[in-house]
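Below, read A as the first sequence line, B as the second, and so on, with proteins coming before strands; counting in each chain starts at 1.
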Amino acid sequence: MRVLPCGDAGLLVELDELPEVLALADAVRAAPPAGVLDVVPAARTVLLTLEPGTDLAALRRAVLDLPVEPRAAVPDTATVEIAVVYDGPDLAEVGRLTGLGSDGVVAAHTGTPWRVAFGGFAPGFAYLSGGDPRLEVARRDEPRTSVPAGSVGLAGEFSGVYPRASPGGWQLIGRTDAVLWDLGRGALLQPGEQVRFVVAP
Amino acid sequence: MTRSIEVVRTGPLALVEDLGRPGLAASGVGRSGAADRGALRLANRLVANPEDAAGIEVVLGGLVMRATAGNTVPLIVALAGAPAPADIDGTPVGHHAVLALRAGQVLRLGTPPTGLRTYVAVRGGLAVDPVLGSRSTDVLAGLGPPRLAAGDVLPVGPEPAALPILDVAPVACPPGGTVTLRAVLGPRADRVADPAALARTPWTASSRSDRIGMRLEGGRLERAGAGDLPSEGMVRGAVQVPPCGEPVLLLADHPVTGGYPVAAVVLDTDVDRAAQVRPGQPVRFVLVPPAWKDPP
């Protein structure tokens, strides 16, 4: 665990693997040190945003003393099923990059359950991890200026669904009608939940 | 009759903002809120509101608003931030001052000579419906009230028990000329070939700046090291270096996460000053030491 400077109202903690990230985020949330306003887990980091004036050196020591034990067992949670039409503009390219072919990408994407690792990017956007490792692909070299809402994409070790139209650099393999973000309900996908993609009938 | 104000006209942009909705990053929702938090706080303190009451953030003046007929007692109003010249029914009124606006009277904001964002606080706060615990408009996420338009009627909340204790606050206004911002090296300064170049380069705020970030022109920061940086949490004040090398200083509505390396982070109080920088205005950075140093 490494603590990186992030101004006078933040600390960025870097860890080796995603399970440690989620464990640290859990540990901070379970007993938030004084001054912590928000906890932002990501792929390899946990950002703590802080009240201005927080003693950063003391908070840094407190964070380094936190127990970081990756969850041994995945807790039982509901599975959210998302029906996808696999006709994304990058499906063939992902098939080529992975060597799986288009049909193989669809089989791999639907064949293994994913888990909501963390949210970010936009309201309702969930970074899904734990899928088939053969699907790991880099982002597009040129981000698209507008990705339609409901687009299903891949980037690095993650899969995700765009909640609303926005610019984006993920490789798009399909689309869904699922509503990812609703003001009344909040995000469809909550951290820790299991997600299974199915081919839309 | 309810207390309210009517928007007669807006300038380039007027938004309802409070101090935002912290704590929701895990759902992808950023904090948002006033771009110059200190100025909104000051305007609220002048009218004895809680500091986080919702007011109006006015970009480059131009706002015209009327106290509606339902106001049986005058509305108490204060302006802070960019010193837009203001009048009530043609009579000039002060900046950083406590003002009374009787039913039917019109408050008019001209264009501020310096600074970018003027804050209008109304005693009782604007009582528009909150979204996820805040009345702030987040332009990136599309959350909160829509941008204000002529004809909008904004309800005003009940007056707080506290009474204004000052008539005028002797506070400096945002300056013209070069704005100097203090920053510490950021978490990914090692991904930038020469991060100290940030402090050596005379930058200019781009016209492509908004509440999401201020783009800087006048030089390029070269990136070092290859490979994508996995997305990570971003703070207000982060100076990101995109592939083109022209840095972006993240402001109130910045994305929750991002993948460009952060070369430096501007100190929290100085981000408020950055939010008052006008397009075309010169900007300089001064690097200050971090709060701690890791053992080698």
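- Residue contact with chain B, scored on non-hydrogen atoms closer than 4.5 Å, is absent for A:Phe158.
- Not less than 6.0 angstrom separates the ring centroid of A:Phe125 from the ring centroid of A:Phe118.
- Between B:Asp129 and B:Arg135 no salt bridge is recorded (no basic side-chain N to carboxylate O distance below 4.0 Å).
- Proximity to chain B (any heavy atom under 4.5 Å) is restricted, for A:Leu12, to the side chain, taken from C-beta onward.
- Considering only residues two or more places apart in sequence or on other chains, A:Glu193 meets the side chain to side chain donor-acceptor pair (under 3.5 Å) condition with none of them.
- Looking at B:Arg188 and A:Glu14, a side-chain N of the basic residue comes within less than 4.0 Å of a carboxylate O on the acidic one, giving a salt bridge.
- Proximity of a side-chain donor or acceptor of B:Asp18 to a complementary backbone N or O of B:Ala53 within less than 3.5 Å is not detected.
- With chain B as partner, the option from A:Pro52, A:Ala9, A:Gly186, A:Ala187 having the largest number of non-hydrogen pairs under 4.5 angstrom is A:Pro52.
- Within residues 233-247 of chain B, the residues that have a heavy atom under 4.5 Å from a heavy atom of chain A are B:Gly233, B:Met234, B:Val235, listed by number.
- Proximity to chain A among residues 205-216 of chain B is not found for any residue, judged by heavy-atom separations below 4.5 angstrom.
- The CZ atom of B:Arg21 sits 13.0 Å away from the CG atom of A:Asp38 when rounded to the nearest 0.5 Å.
- The pair A:Asp90-A:Arg144 meets the salt-bridge criterion, since a charged nitrogen lies less than 4.0 angstrom from a carboxylate oxygen.
- Using a 4.0 Å cut-off between charged side-chain N and carboxylate O, B:Asp36 and B:Arg117 make no salt bridge.
- Only the side chain of B:Leu132 comes within contact range of chain A, with heavy atoms under 4.5 Å apart.
- Only the side chain of B:Arg31 comes within less than 4.5 Å of a heavy atom in chain A; its backbone stays farther off.
- Within 6.0 Å of CG in A:Asp87 there are more than 12 heavy atoms belonging to other residues, nucleotides or ligands.
- Residues A:Trp181 and A:Phe121 keep their aromatic ring centres 6.0 Å or farther apart.
- Both the backbone and the side chain of B:Val256 come within less than 4.5 Å of a heavy atom in chain A.
- When the salt bridge (charged side-chain N to carboxylate O under 4.0 Å, His left out) test is applied to B:Arg284, no partner is found at least two apart in sequence or on another chain.
- Looking at A:Glu157 and A:Ser129, their side chains never bring a donor and an acceptor atom within 3.5 Å of each other.
- By the 4.0 Å N-to-carboxylate-O rule, A:Arg44 lies too far from A:Glu20 to be salt-bridged with it.
- Only the side chain of B:Leu143 comes within contact range of chain A, with at least one heavy atom under 4.5 Å from a heavy atom of that chain.
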